[in-house]
Amino acid sequence: MFENIKRTLIGKPLKTLDEGGQSLSKTKALALLSSDALSSVAYGTESITTALLAAGAVALWLQIPIALLVLVLLAAIVMSYRQIIHAYPSGGGAYAVASENWGAKAGLIAGGSLLVDYMLTVAVSASAAADAITAAFPATLPFTVPLSIIIVLLLTGMNLRGLRESANFLMVPVYFFIVVMVSMIAWGVFQALTGQLPYHAAAKIGTSFSGLSLVLFMHAFSSGSSSLTGVEAISNAVPNFKKPKEKHAAATLATMAVILATFFGGITFLSYWLGITPNSKSTVLSQIAAITFGGYHVGFYIVQFATAMILAVAANTGFSAFPMLALNLARDKYLPHLYMDRGDRLGYSNGILSLAFGAIVLIMIFHGSTDALIPLYAVGVFVPFTLSQSGMIIHWWRNKPQNWVVKAIINFIGAFISAVLVITLFATRIEHVWPYLFIMPMILFMFLKIKHHYMSIGKQLRLQYLKNDNAERHHYDGATVIVLVSNITKVTMEAVDYAQSIGDYVVAMHVSFDVNPKKELKTSTQFKLDFPDVRYVDIHSSYRSIVKPSLSFVDAVVKQAEKRNHSVTVLIPQFVPKQPWQNILHNQNSLRLRAAFAAREDISVSTYYYHLSE
């Protein structure tokens with residue numbers, strides 16, 4: 001039943017040889033990996049104007065120089081990540097760059113920041129989409145959190161079906177949003193230049209005012225830079241592109257940057273020209289749409305619909321980039337190796353499921369509030385930006401390729417502005433970003449503990465082929481098998497028969513209680529009749545414990561086996577119900593016994609399964 005549901009929701013398994021068919025073209029990759037970055041224009045300009053409004057409407061002219069500075073940062077970041085794509089084509093992005101050039105700890109900070117940031121990407125996008133739904137249908141306002149979780153679950157199911165299918169789905173809302181935004185901005189700018197939209201700016205550029213300060217400027221700049229979140233996703237997902245992977249990934253990144261710059265610059269210009277001020281009833285983008293299209297007509301509603309759609313699917317950038325970053329961390333032994341496993345549809349399904357779980361937890365913790373999530377979201381982006389771009393400066397210095405000085409200058413500009421933004425966010429938004437200071441040490445500790453574990457077991461399991469340093473070998477003269485017996489059934493009888501086929505000496509052990517002595521005597525008598533050549537031992541337990549008496553008996557048998565130079569195997573009989581759900585109806589003593597014996601180094605534990613037919 002479960003398998004049928006899985007096939008219906010996810011689809012039939014794909015062969016490993018079908019992997020090439022899951023690779024992305026530039027057109028599909030743009031839809032799959034740019035939705036987060038493009039959706040940020042819905043709140044980027046608004047974040048700037050909201051911050052500036054604290055000093056009065058006269059301060060709104062600052063959105064123009066701030067927007068230009070954001071575009072400079074975008075250009076530096078994009079050129080840097082294009083270089084990263086060619087220099088580190090295996091993916092990993094900021095994690096790979098920081099690890100190689102700054103060292104493992106810096107790489108882990110970059111990687112851990114991005115892992116959390118992708119969870120925040122999904123949480124923010126799902127919450128924003130839920131806000132759009134509740135704005136359209138006010139009756140659903142009490143269900144904001146459940147709606148956000150449902151959106152995450154829907155995107156999870158879509159991504160589990162594979163890259164190609166999720167890209168096919170995303171092409172519609174992403175390209176629809178692009179067409180709508182291009183139409184609105186082009187029409188609005190045309191009307192402004194031809195005088196059809198009068199100049200209504202609150203103040204001319206350069207107007208001085210009493211509240212003007214560096215703190216105000218940097219606060220607004222850091223808020224507007226949230227528009228750059230998601231730009232790094234393409235560098236993490238290079239292996240998902242069609243060949244030549246680096247060329248297609250770099251071209252897709254450039255295309256996305258041009259579109260993002262056009263949208264952000266156009267929306268900011270129209271916001272300034274029209275004198276738009278944010279308010280609780282209408283977003284900056286919706287006000288621009290209403291004025292540009294002459295009121296609340298068809299054009300306005302198309303913009304609203306397109307914006308709601310792009311916000312809903314923006315989370316998918318995280319679903320594309322998180323599994324690839326987790327894969328790189330797992331390869332370096334900083335995350336469990338299960339993140340290297342491909343699912344039925346050739347996607348890294350464990351990464352997808354982990355991302356969905358983390359996003360749902362964040363939604364529940366922050367109650368689906370995008371205002372509370374965005375500052376933390378920005379820190380998680382700009383810390384890796386700073387590390388990756390400064391790391392590329394070191395990369396160019398070491399390798400000194402042609403024009404390396406120019407490349408290093410580009411990286412320096414991006415690294416410097418990103419570092420300033422990180423400092424600004426901590427200085428001005430500490431009440432929102434403090435969890436980063438708590439989460440990152442925990443993540444680093446987890447990474448290092450996992451690495452230590454893998455290195456430790458590798459050292460213990462590795463065979464040494466050097467002279468006089470061979471692995472210890474055991475040459476046994478026989479085998480002792482202990483069969484755990486609860487009562488005389490078909491399971492017990494077949495288990496004892498099997499034990500005799502593999503063991504030179506077989507002993508059956510039964511743990512009895514004070515409840516029914518006659519039953520225990522009957523069990524003992526019946527066993528001796530059926531297996532007269534097998535030693536039967538009845539261990540009495542006054543405290544109804546099975547595990548402790550079993551361990552004590554095994555200790556005694558092991559001592560005797562060592563004298564004979566025998567290996568010792570504990571065989572645990574267990575019947576398997578036909579339906580999985582029926583397991584909960586039965587006493588799981590076998591599970592407890594296996595868990596107790598697993599810590600023993602001097603025995604092997606085996607299970608004899610008897611499958612029920614009804």
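Nothing fancy with the numbering, it's 1 onward along the sequence. Reckoned from all heavy atoms, side chains included, excluding hydrogens, waters and symmetry mates.
For Tyr199, the OH atom counts as densely surrounded, since its 6.0 Å shell holds more than 12 non-hydrogen atoms of other residues, nucleotides or ligands. Within 6.0 Å of CZ on Phe416 lie no more than 12 heavy atoms contributed by other residues, nucleotides or ligands. Taking a 6.0 Å sphere around CZ of Phe412, one finds it holds 12 or fewer heavy atoms contributed by other residues, nucleotides or ligands. For Gln402, the CD atom sits in a loose shell: 12 or fewer heavy atoms of surrounding residues, nucleotides or ligands are nearer than 6.0 Å. Residue Lys204 qualifies as open at atom NZ: its count of foreign heavy atoms under 6.0 Å is 12 or below.
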Report the C-alpha separation of Leu228 and Ser40 in whole Å, then their side-chain angles, then the decisive distance to 0.1 Å, and conclude whether the side-chain contact (heavy atoms from CB on, under 4.5 Å) test is met. CA-CA 7 Å; Leu228 305 184; Ser40 63; over 6 Å; no
Please report the C-alpha distance between Phe221 and Ile417 in whole Å, then the side-chain angles of each, then the deciding distance to 0.1 Å, and finally whether the side-chain contact (heavy atoms from CB on, under 4.5 Å) criterion is met. CA-CA 10 Å; Phe221 177 47; Ile417 299 176; 3.5 Å; yes
Apply side-chain contact (heavy atoms from CB on, under 4.5 Å) to the pair Phe293 and Trp187, showing each step before the final yes or no. CA-CA 8 Å; Phe293 291 112; Trp187 180 235; 4.1 Å; yes
Is there a side-chain contact (heavy atoms from CB on, under 4.5 Å) between Ile363 and Ser127? Walk through the geometry before answering. CA-CA 7 Å; Ile363 288 170; Ser127 299; 4.1 Å; yes
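Under a 3.5 Å cut-off, the side chain of Glu246 and the backbone N or O of Val238 do not form any donor-acceptor pair. Side-chain atoms of Gln63 come within 3.5 Å of backbone N or O of Leu60 as a donor-acceptor pair. Checking side-chain atoms of Thr292 against main-chain N and O of Ala289 turns up no donor-acceptor pair under 3.5 Å. Using modelled atom types, no side-chain atom of Thr207 and backbone atom of Ala203 make a donor-acceptor pair closer than 3.5 Å. Distance alone, capped at 3.5 Å, places no donor-acceptor pair between the Thr50 side chain and the Ser47 backbone. Looking only at distances, a side-chain donor or acceptor of Lys400 sits under 3.5 Å from a matching main-chain atom of Trp397. Under the 3.5 Å distance criterion, the side-chain polar atoms of Asp117 are left unmatched by any main-chain donor or acceptor of Ser113.
Between Ser34 and Ile259 the shortest side-chain heavy-atom distance does not fall below 4.5 Å. Taking 4.5 Å as the limit, every side-chain heavy atom of Val122 sits out of range of all side-chain heavy atoms of Tyr118. Residues Ile409 and Ile393 have side chains not in contact (no heavy-atom distance under 4.5 Å, counting atoms from C-beta outward). Between Val383 and Tyr436 the shortest side-chain heavy-atom distance falls below 4.5 Å. With a 4.5 Å cut-off on side-chain heavy atoms, Val258 and Phe263 do not count as touching. Taking 4.5 Å as the limit, every side-chain heavy atom of His395 sits out of range of all side-chain heavy atoms of Gln83. The shortest side-chain heavy-atom distance between Ile276 and Ile291 falls under the 4.5 Å cut-off. Between Tyr95 and Leu387 the shortest side-chain heavy-atom distance does not fall below 4.5 Å.
When all heavy atoms of Leu448 and Tyr334 are compared, the pair lying nearest together is CD2-CE2, 4.5 Å. Heavy atoms only, all atoms of each residue included: Pro198 and Leu274 are closest at O-CD2, 4.5 Å. Pairing each heavy atom of Thr268 with each of Ala67, the nearest pair is CG2-CB, 3.6 Å. Closest approach of Gly188 and Leu197 over heavy atoms only: O-CD1, 3.7 Å. Summarising the geometry of Val420 relative to Met218, their closest heavy-atom pair is CG1-CE, 3.1 Å, with the distance given to 0.1 Å. Taking each heavy atom of Ala415 and Thr386 in turn, the nearest pair found is O-CG2, 3.9 Å.
Going from atom CZ of Phe177 over to atom CZ of Phe305 covers 13.0 Å, rounded to the nearest 0.5 Å. Distance check: Met256 CE to Ser35 OG gives 10.0 Å after rounding to the nearest 0.5 Å. Atom-to-atom distance recorded for Asn159:CG and Leu353:CG is 10.5 Å, nearest 0.5 angstrom. With rounding to the nearest 0.5 angstrom, the CG atom of Leu115 is 6.5 Å from the CE atom of Met119. Expressed to the nearest 0.5 Å, how far CG of Leu425 lies from OG1 of Thr428 amounts to 6.0 Å. Separation of atoms CG (Leu335) and CG (Leu325) is listed at 8.0 Å; rounding is to 0.5 Å.
With hydrogens and angles left out, the side-chain atoms of Tyr339 and Ser354 include a donor and acceptor closer than 3.5 Å. With no hydrogens or angles considered, no side-chain donor-acceptor pair links Tyr272 and Thr49 at under 3.5 Å. Side-chain atoms of Thr45 and Ser271 include no donor-acceptor pair closer than 3.5 Å.
Judged by a 6.0 Å distance limit and a 45° cone about the ring axis, Lys407 is not positioned over the six-membered ring of Trp404. For Lys105 and Trp102, the positive end is not near the middle of the six-membered ring at less than 6.0 Å and at most 45° from its axis.
The ring of Phe269 has its center closer than 6.0 angstrom to the ring center of Trp273.
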Name every donor-acceptor pair, under 3.5 Å, that has one atom in a side chain of residues 247-254 and the other anywhere in the protein, sequence neighbours excluded.
from, atom 1, to, atom 2, distance (Å)
His248, ND1, Lys242, O, 3.0
Thr252, OG1, His248, O, 2.7

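With Ile410 as the fixed residue, the side chain to side chain contact (heavy atoms under 4.5 Å, CB included) test singles out one of Met79, Gln389, Arg82: Met79.
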